[in-house]
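Chain naming here is simple, since letters A, B, ... match the order of the sequence lines and numbering starts at 1 in each.
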4 protein chains.
Amino acid sequence: MGKKRGPKYEQIIEAAVRVIARNGYHHAQVSKIAKDAGVADGTIYLYFNNKEDILISLFEEKMSYFVEKIRMQLKEAETIEDQLKTLVTMHFKQLAANQEYAVVTQLELRQSSSALRQRINEVLKDYLWLIESIIIRGKEKEAFSPHLNEKLARQMIFGTLDEVTTNWVMKDCKYDLEAFSEPIYEMLLHGFKAGVKT
Amino acid sequence: MGKKRGPKYEQIIEAAVRVIARNGYHHAQVSKIAKDAGVADGTIYLYFNNKEDILISLFEEKMSYFVEKIRMQLKEAETIEDQLKTLVTMHFKQLAANQEYAVVTQLELRQSSSALRQRINEVLKDYLWLIESIIIRGKEKEAFSPHLNEKLARQMIFGTLDEVTTNWVMKDCKYDLEAFSEPIYEMLLHGFKAGVKT
Amino acid sequence: MGKKRGPKYEQIIEAAVRVIARNGYHHAQVSKIAKDAGVADGTIYLYFNNKEDILISLFEEKMSYFVEKIRMQLKEAETIEDQLKTLVTMHFKQLAANQEYAVVTQLELRQSSSALRQRINEVLKDYLWLIESIIIRGKEKEAFSPHLNEKLARQMIFGTLDEVTTNWVMKDCKYDLEAFSEPIYEMLLHGFKAGVKT
Amino acid sequence: MGKKRGPKYEQIIEAAVRVIARNGYHHAQVSKIAKDAGVADGTIYLYFNNKEDILISLFEEKMSYFVEKIRMQLKEAETIEDQLKTLVTMHFKQLAANQEYAVVTQLELRQSSSALRQRINEVLKDYLWLIESIIIRGKEKEAFSPHLNEKLARQMIFGTLDEVTTNWVMKDCKYDLEAFSEPIYEMLLHGFKAGVKT
DNA sequence: GATGAATGAGAATTCATTCAT
DNA sequence: CATGAATGAATTCTCATTCAT
């Protein structure tokens with residue numbers, strides 16, 4: 001049974017990100033991760049139950065930090081508009097700041113079996129809910145159309161951010177992702193505002 | 001080398017869709033596909049160069065039909081608004097009508113190696129360009145904001161449609177996907193109209 | 001059952017030599033031979049029982065011609081010494097004149113299964129016996145040592161000619177094989193003369 | 001990558017000799033070798049890079065021992081004549097002592113692809129050079145004809161020994177191979193001595 | 001006679017996981 | 001705690017041969 005935490009736990013996760021980013025999901029063997037982490041193959045299994053568990057843990061670890069950072073910034077934002085802007089900006093900013101991780105989440109981890117992706121989605125739920133709560137508050141405060149379907153609006157936000165980021169990663173991160181924050185924010189905002197008296 | 005066309009070519013593609021949808025990408029062995037298609041294993045290789053070629057061909061075949069159908073419907077649409085509406089509606093309608101295929105594209109085929117996904121993206125380009133051309137015409141006809149970034153708008157459309165469809169597939173296609181056409185269309189339209197005097 | 005003879009019989013044999021020489025034994029598929037011979041795959045089986053039969057027949061055909069040519073030349077040779085000289089010279093001369101065939105016999109056909117090589121040896125027997133008969137006559141005429149073991153002497157002749165030819169083929173036939181006739185003849189002759197009063 | 005040596009390295013090589021001798025080259029599957037060696041299939045790949053590597057290693061291992069043994073015996077031989085005699089005797093003696101290995105080298109290993117045989121020839125070079133050096137010394141010491149072509153003489157020796165051994169193996173090793181040492185030695189010696197004053 | 005589309009058996013290799021030390 | 005040697009299941013593709021036309 002994986003007994004989490006300990007210095008090696010982090011080492012292994014970091015090694016997994018590096019190995020997957022460099023070699024691709026399908027060439028990221030446990031033995032490579034072990035070597036990169038500076039531990040023996042068997043040691044991996046003292047910290048994780050199996051290979052899938054490494055990937056889930058990697059995603060959990062990184063994602064909770066990702067969401068936490070956004071959650072904190074959102075507290076600074078006063079209006080709903082500012083919150084939406086903050087969300088978009090922070091999403092791009094964090095992924096642009098960690099391109100190795102971006103490659104892993106946008107491209108490599110998607111090659112995992114559908115079973116694993118189900119579990120990854122569980123981890124994502126926290127973030128999706130954060131997005132949805134902005135929509136809900138936007139409707140309450142009449143900043144967004146009262147007819148807005150919250151789930152669909154959330155899917156539009158996440159789908160758009162994800163597609164834009166994936167395109168950027170597939171172009172080898174060679175242009176400025178954060179520059180898209182403003183136009184994406186604009187389009188989303190207007191999409192949600194429709195019918196609101198201004 | 002695969003000499004395409006012939007009745008068995010279609011049989012094998014259809015069998016591949018069924019086998020992948022039922023067993024998942026990683027358990028879709030060539031022998032299973034052959035059996036389901038009612039041909040010998042070796043026969044597969046008279047029509048396809050290798051397993052990957054089956055998947056590419058499957059996607060090409062289905063996707064070109066998918067796009068062609070939308071392209072034809074678009075001709076009926078007079079205004080840009082109608083065209084956007086048609087795009088969204090037809091996208092959902094066709095995937096809703098072929099749930100087995102939807103599972104294959106939204107979930108299973110994404111597990112393919114990055115090499116294969118590169119080739120899948122090539123096939124997608126035709127569709128992406130069709131979407132982008134609607135945006136461009138929309139700007140020309142001043143139906144959409146003149147400041148609209150065409151690529152980003154295209155990514156918003158595709159990202160949204162894809163995310164909505166994937167969520168639907170992951171919920172086992174148990175609700176009505178086509179019902180989302182209207183609200184999604186509305187959000188997208190307003191997102192693009194922004195700043196246009198009406 | 002292969003009903004030999006007919007123009008295609010020869011075509012197929014010649015095609016087999018060419019295909020094996022160019023592609024190597026392991027890449028000489030029946031379909032390639034058929035194509036090169038300008039007949040359908042199935043036609044091969046009207047003239048030969050199976051793939052092995054093509055190879056055996058090829059060897060038989062070529063070998064009987066090879067031996068016949070030597071046998072005829074031997075008639076011109078008056079002394080045993082001349083006969084030995086003729087044998088060596090003709091062996092090299094014929095292989096040097098048909099390098100494609102030399103590659104096939106010296107390198108490619110040896111990769112065949114031991115079962116096939118057993119049958120090839122059967123075909124060789126005629127030639128081996130021709131060699132042996134020279135030895136025997138040499139002993140009778142007291143040109144060779146009376147203690148000579150005929151089988152061993154024959155193996156020495158054939159082993160030497162074969163090794164020399166194989167080395168030549170492995171060096172891409174790029175030096176003059178026939179030039180070795182004289183020195184090889186000399187060594188063999190003296191090897192057999194040993195102890196004979198001269 | 002194969003980390004040679006260790007008790008299993010030897011086990012696997014010995015198993016390969018047995019399996020090939022019994023089943024023939026083409027039926028010597030890796031799994032059979034593993035089973036015979038008493039290890040798991042995968043273990044093979046901890047010691048060898050691939051199947052071909054087993055065969056090369058087998059040949060290297062055995063051949064270097066074979067040559068070393070002859071080299072040592074040659075030191076005991078004072079005259080060139082003794083050396084030639086030793087060479088012939090030891091060649092036959094060692095193969096006669098290990099009939100399973102003789103079958104492998106004389107028949108089975110020759111079925112390998114030309115790529116593999118190229119590598120086998122590399123290993124053989126050491127032995128061929130040992131033979132050639134005897135010829136050279138023989139000429140220097142005027143035991144052999146000064147006109148002797150060293151390469152051809154070497155090919156005569158090796159070709160003869162090889163042909164005699166192959167004939168013996170094809171007759172199921174059922175007569176005494178070593179008994180041929182003397183007559184073969186005699187023929188070779190006289191072949192090389194020609195023209196030498198005695 | 002001639003065709004060629006269809007058949008289907010057979011094997012090397014990888015890599016997540018274990019467990020004796 | 002940590003190690004790393006050993007395990008063994010699992011799958012694509014080739015090609016000699018057949019037989020309906």
Side-chain angles (χ1 to χ4, degrees), chain A residues 3 6-8 26-35 37-55, chain B residues 2-3 6-9 11-12 26-35 37-54, chain C residues 2-3 6-8 12 26-35 37-55, chain D residues 2-3 6-9 11-12 26-35 37-54:
Chain A
K3 295 169 287 190
K8 305 207 171 164
H26 286 295
H27 295 100
Q29 296 91 340
V30 172
S31 60
K32 257 187 206 154
I33 296 174
K35 192 170 190 181
V39 302
D41 292 19
T43 304
I44 298 265
Y45 292 86
L46 298 174
Y47 293 88
F48 300 91
N49 296 316
N50 50 44
K51 185 178 180 178
E52 197 166 271
D53 190 28
I54 306 175
L55 304 176
Chain B
K3 307 162 274 191
K8 308 219 164 152
Y9 178 78
Q11 280 173 44
I12 293 166
H26 286 297
H27 294 100
Q29 297 94 333
V30 171
S31 59
K32 259 184 204 154
I33 296 174
K35 192 167 192 181
V39 301
D41 291 19
T43 304
I44 299 266
Y45 293 88
L46 297 176
Y47 293 87
F48 301 90
N49 297 316
N50 49 46
K51 184 177 178 179
E52 193 167 272
D53 191 30
I54 306 176
Chain C
K3 295 170 288 194
K8 305 207 171 164
I12 293 165
H26 286 295
H27 296 100
Q29 295 91 339
V30 171
S31 60
K32 256 185 205 153
I33 296 174
K35 191 170 192 182
V39 301
D41 292 18
T43 304
I44 298 264
Y45 291 86
L46 298 174
Y47 292 88
F48 301 91
N49 297 316
N50 49 44
K51 184 178 181 180
E52 196 165 272
D53 190 29
I54 305 175
L55 304 177
Chain D
K3 310 161 267 188
K8 308 218 164 152
Y9 177 78
Q11 279 174 44
I12 293 166
H26 286 296
H27 294 99
Q29 297 95 333
V30 171
S31 60
K32 258 184 205 155
I33 296 174
K35 191 169 192 181
V39 301
D41 290 19
T43 303
I44 299 265
Y45 293 87
L46 296 176
Y47 293 88
F48 302 91
N49 297 315
N50 48 48
K51 184 177 179 179
E52 194 167 272
D53 191 31
I54 306 176

How many Å lie between [atom1] on [X] and [atom2] on [N], as a whole number?
{"X": "C/Asp53", "N": "F/dA16", "atom1": "CG", "atom2": "C1'", "value": "13 Å"}
{"X": "A/Leu55", "N": "E/dC15", "atom1": "CG", "atom2": "P", "value": "15 Å"}
{"X": "B/Asn50", "N": "F/dC15", "atom1": "CG", "atom2": "P", "value": "15 Å"}
{"X": "D/Tyr47", "N": "F/dA5", "atom1": "OH", "atom2": "P", "value": "8 Å"}
{"X": "A/Asn49", "N": "E/dA16", "atom1": "CG", "atom2": "C1'", "value": "13 Å"}
{"X": "B/Ile33", "N": "F/dT12", "atom1": "CD1", "atom2": "P", "value": "8 Å"}
{"X": "A/His27", "N": "E/dC15", "atom1": "NE2", "atom2": "P", "value": "7 Å"}
{"X": "B/Lys35", "N": "E/dG8", "atom1": "NZ", "atom2": "P", "value": "12 Å"}

Practice task
Please tell me which of B/Ala28 and C/Ala28 maps to the more 5' nucleotide of DNA chain F, matching each residue to the nucleotide holding its nearest heavy atom.
Solution key: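 The residue whose closest nucleotide sits nearer the 5' end is B/Ala28.
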Handout entry: Point-to-point distance, once rounded to the nearest 0.5 Å, from CD1 of A/Ile33 to CD1 of A/Ile54
Key =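 One finds 4.5 Å between CD1 of A/Ile33 and CD1 of A/Ile54.
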Exercise for the section: With rounding to the nearest 0.5 Å, note down the distance linking CD1 in C/Ile12 to CG in C/Leu46. Expected result: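 Here the interatomic distance stands at 8.0 Å.
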Practice task
Check whether any side-chain heavy atom of D/Asp53 sits under 4.5 Å from a side-chain heavy atom of D/Asn50, and report yes or no.
Solution key: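 Counting from C-beta outward, D/Asp53 and D/Asn50 do come under 4.5 Å.
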Practice task
Mind checking D/Val30 for me? I need base, sugar-phosphate or nothing, with any heavy atom below 4.0 Å counting as a touch.
Solution key: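 D/Val30: base contact, heavy atoms under 4.0 Å.
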Exercise for the section: Please determine if a side-chain N or O atom of A/Tyr45 lies less than 4.0 Å away from the OP1 or OP2 oxygen of F/dA2. Expected result: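 So the side chain of A/Tyr45 is outside the cut-off, no N or O lying under 4.0 Å from OP1 or OP2 of F/dA2.
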Tabulated below should be each protein N or O lying under 3.5 Å from an N or O of nucleotides 7-10 of chain F; please produce it.
unit_1	atom_1	unit_2	atom_2	d
F/dT7	OP2	D/Ala40	N	3.0
F/dT7	OP2	D/Thr43	OG1	2.2
F/dG8	N7	D/Gly42	N	3.1

Problem - Qualifying residues under side-chain hydrogen bond (donor to acceptor under 3.5 Å, both in side chains), relative to B/His26, sequence neighbours excluded - result: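 B/His26 satisfies side-chain hydrogen bond (donor to acceptor under 3.5 Å, both in side chains) with B/Gln111 once adjacent residues are dropped.
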Problem - A/Lys32: partners by side-chain hydrogen bond (donor to acceptor under 3.5 Å, both in side chains), with sequence neighbours left out - result: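 side-chain hydrogen bond (donor to acceptor under 3.5 Å, both in side chains) list for A/Lys32, sorted by chain: A/Gln29.
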Problem - Minimum heavy-atom distance B/Val30-B/Tyr45, with the two atoms named - result: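 B/Val30 and B/Tyr45 have their closest heavy atoms at CG2-OH, 3.7 Å.
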Handout entry: Each stem that DNA chain E is part of, given as range with range (3 or more consecutive Watson-Crick or G-U pairs, under 3.5 Å)
Key =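 Stems for DNA chain E, defined as runs of 3 or more consecutive pairs: E:2-21 with F:2-21.
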Handout entry: A/Lys35: side chain to side chain contact (heavy atoms under 4.5 Å, CB included) partners, not counting sequence neighbours
Key =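 Residues passing side chain to side chain contact (heavy atoms under 4.5 Å, CB included) with A/Lys35: none at all.
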Exercise for the section: Take A/Lys51 and D/Ser31, find for each the nucleotide of DNA chain E with the closest heavy atom, and name the residue whose nucleotide sits nearer the 5' end. Expected result: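 Nearest nucleotide further toward 5': that of D/Ser31.
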